[in-house]
Amino acid sequence: MTATEHVQPTGAVAGYRPERTLRLSVELRRQFKRRRTIGVFVAMVALPLVLIAALQLGASEEAQTNSRINLVDVATSSGLNFTLFVLFATTTFFLVVVYALFFGDTVASEAAWGSLRYTLATPVPRMRLLRQKWLAALVQSVGALLTLAVVAVVAGGIAFGFDDIRTPIGVTLSQGEGLLRLAGMLGYLAVHLLVVGTLAFWLSTITDAPLAAVGGAVFSMVVFAILDQVEQLGSLRDWFPTAEEFAWTDLLQTPVDSADLFRGVVQSLVYAAVFTALGFRHFARRDVTS
């Protein structure tokens, strides 16, 4: 057999199949074994428990006899209500950090470790490597969000009972309908948070410092959240990536007002597509030396 018989027309070694390199299952196993992933999921389990303890310790006779419905009263009326309280408390910052961490650590960490060029030399095609890491980050992020919600529902139910949802305006939703709407809320948040995730992903292809990618994405969202409070900006605020971050609460209305939900999903997907495309474009042209 001659040497040329070992080479494909493309120049690759005979038997080489790009689609067999760096399978998603392999990347997921690798990522879920990392300490930062384990730490995030531990935090997702611990946070609802900490909030339950805080609500229990902070309860007072005055709060219990107050007939006016406020956030704390609604939070402690059932496990589903507690879950809504957890989501409301974590949407602005905590979940933003989680998404930014998983997406921002995709490429920058490999570059920081000096293993990126060796992975590409395996050889794994650049676009396939980036796609697998993007998908792995998405699975981890959504998994963390679902873990937070499931623990909140179960732990909150044990602490406060598995009753119906009581909305802040006094409307009651059955458990079945409440769970269905909660699923819709989680779906909306999973899409909306892709904005900060894909921004961190783009920054991860630019820098070799994971902290810079994660911090840059979180800082950008904080800045937009602050600017969103400036009423003088008028309708310009509607185009900020943080504009519809609490649109999921519209699912508590009867009937549901889906206008802001639809706008939030479309706007988030557009931002996510742009940031993802920028990340792939930059990585395709990047001189990988680390």
Practice prompt. Kindly give the heavy-atom pair with the smallest separation between V98 and M44, and that separation in Å.
Written response: CG2-CE, 3.3 Å

Discussion item. Taking the side chain as everything from C-beta on, heavy atoms only, tell me whether W239 gets closer than 4.5 Å to Q267.
Written reply: yes

Worksheet item: Any idea which heavy atoms bring F162 and V154 closest together, and the distance?
Response: CZ-O, 4.0 Å

Worksheet item: What is the ring orientation for H192 with Y188, classed by angle as parallel under 30°, tilted 30 to 60°, or perpendicular over 60°?
Response: parallel

Worksheet item: Hey, are the side chains of L236 and L227 touching, using non-hydrogen atoms and a 4.5 Å cut-off?
Response: no

Discussion item. Distance check, rounded to the nearest 0.5 Å: R166 atom CZ versus L80 atom CG?
Written reply: 13.5 Å

Worksheet item: Given the rule that I, L, V, M, F, W and Y join up when any side-chain heavy atoms are under 4.5 Å apart, are L55 and I158 in one cluster?
Response: no

Discussion item. Measuring only between side-chain heavy atoms, which start at C-beta, is Y99 closer than 4.5 Å to V142?
Written reply: yes

Discussion item. Just verifying a value: how many Å separate L84 CG and L173 CG, rounded to the nearest 0.5 Å?
Written reply: 9.0 Å

Worksheet item: Using the ring of each side chain (for Trp, its six-membered ring), is F201 parallel, tilted or perpendicular to F280, with breaks at 30° and 60°?
Response: tilted

Worksheet item: Distance from F41 atom CZ to Q140 atom CD, nearest 0.5 Å?
Response: 6.5 Å

Worksheet item: So T242 and T92, side chain to side chain contact (heavy atoms under 4.5 Å, CB included) or not? Walk me through it.
Response: CA-CA 9 Å; T242 55; T92 304; over 6 Å; no

Item to complete: State plainly whether one hydrophobic cluster holds both V150 and V45, where clusters connect Ile, Leu, Val, Met, Phe, Trp and Tyr through side-chain heavy atoms under 4.5 angstrom apart.
Response: no

Discussion item. Count I, L, V, M, F, W, Y as connected when their side-chain heavy atoms are under 4.5 Å apart, and connections chain through other members. Are V151 and L146 then in the same cluster?
Written reply: no

Worksheet item: Once you round to the nearest 0.5 Å, how far does CD1 of I206 lie from CG of L278?
Response: 8.0 Å

Discussion item. Could you check whether any side-chain N or O of D164 sits under 3.5 Å from a backbone N or O of Q175, counting only pairs where one atom can act as donor and the other as acceptor?
Written reply: yes

Worksheet item: Can you tell which of Y271, W134, W202 makes a side-chain hydrogen bond (donor to acceptor under 3.5 Å, both in side chains) with T276?
Response: W134

Worksheet item: Is there a side-chain contact between F82 and P48, using heavy atoms and a 4.5 Å cut-off?
Response: yes

Worksheet entry | Step-by-step side chain to side chain contact (heavy atoms under 4.5 Å, CB included) determination, L148 to L95 | CA-CA 10 Å; L148 177 69; L95 290 175; 4.0 Å; yes

Worksheet item: Do any N or O atoms from the side chain of S204 and from the backbone of V107 form a donor-acceptor pair under 3.5 angstrom?
Response: yes

Practice prompt. Determine whether L203 and F275 make a side-chain contact, defined as any pair of heavy atoms from C-beta on separated by less than 4.5 Å.
Written response: no

Item to complete: Please test L194 against S268 for side chain to side chain contact (heavy atoms under 4.5 Å, CB included), starting from the C-alpha separation and ending with a verdict.
Response: CA-CA 7 Å; L194 276 179; S268 297; 5.9 Å; no

Worksheet item: Would you call the rings of W248 and F246 parallel, tilted or perpendicular, where under 30° means parallel and over 60° means perpendicular?
Response: tilted

Worksheet item: How far apart are the closest heavy atoms of T207 and A212, and which atoms are they?
Response: OG1-CB, 4.0 Å

Discussion item. Can you tell me if F94 has over 12 outside heavy atoms packed within less than 6.0 Å of its CZ?
Written reply: yes

Fill in: Closest contact, heavy atoms only, L199 versus A217
CD2-CA, 3.9 Å

Discussion item. Check whether T198 reaches the backbone of V195 with its side chain - one donor and one acceptor, N or O, closer than 3.5 Å.
Written reply: yes

Worksheet, complete the sentence: Distance col, row D105:CG vs R34:CZ, nearest 0.5 angstrom, shows 4.0 Å

Discussion item. Please check this pair: side chain of T106 against backbone of F102, looking for a donor-acceptor N/O pair closer than 3.5 Å.
Written reply: no

Worksheet item: Linking I/L/V/M/F/W/Y whenever their side-chain heavy atoms sit closer than 4.5 Å, directly or via other members, would L49 and L57 fall into one cluster?
Response: no

Worksheet, complete the sentence: From the list T172, L182, N81, side-chain contact (heavy atoms from CB on, under 4.5 Å) partner of I165 resolves to N81

Fill in: Heavy-atom closest contact (F88 atom, T249 atom, distance)
CD1-CG2, 4.5 Å

Worksheet item: So, do E245 and L193 sit near enough that their side-chain heavy atoms are less than 4.5 Å apart?
Response: no

Practice prompt. Give a yes or no answer on whether the side chain of T205 reaches the backbone of F283 with a donor-acceptor pair at less than 3.5 Å.
Written response: no

Worksheet item: Does F219 share a hydrophobic cluster with V96, counting links as ILVMFWY side-chain heavy atoms below 4.5 Å and allowing steps through other members?
Response: yes

Response to the item:
When rounded to the nearest 0.5 Å, the distance separating CG of L135 from NZ of K133 is 12.0 Å

Item to complete: Could you go through the side chain to side chain contact (heavy atoms under 4.5 Å, CB included) check for S141 and F103 one step at a time?
Response: CA-CA 8 Å; S141 300; F103 277 90; 3.5 Å; yes

Worksheet item: When you look at R181 and E177, which way does the salt bridge (charged side-chain N to carboxylate O under 4.0 Å, His left out) test go after all the steps?
Response: CA-CA 6 Å; R181 296 198 185 194; E177 186 176 2; 2.6 Å; yes

Worksheet item: Mind checking whether V230 and L233 have side chains closer than 4.5 Å, heavy atoms only?
Response: yes

Worksheet item: Quick check: does any side chain N or O of T37 sit under 3.5 Å from a backbone N or O of Q31, one acting as donor and the other as acceptor?
Response: yes

Worksheet item: Is the number of heavy atoms from other residues, nucleotides or ligands within 6.0 Å of CZ (F32) greater than 12?
Response: yes

Worksheet entry | Closest non-hydrogen atom pair between Q132 and L24, with its separation | NE2-N, 3.1 Å

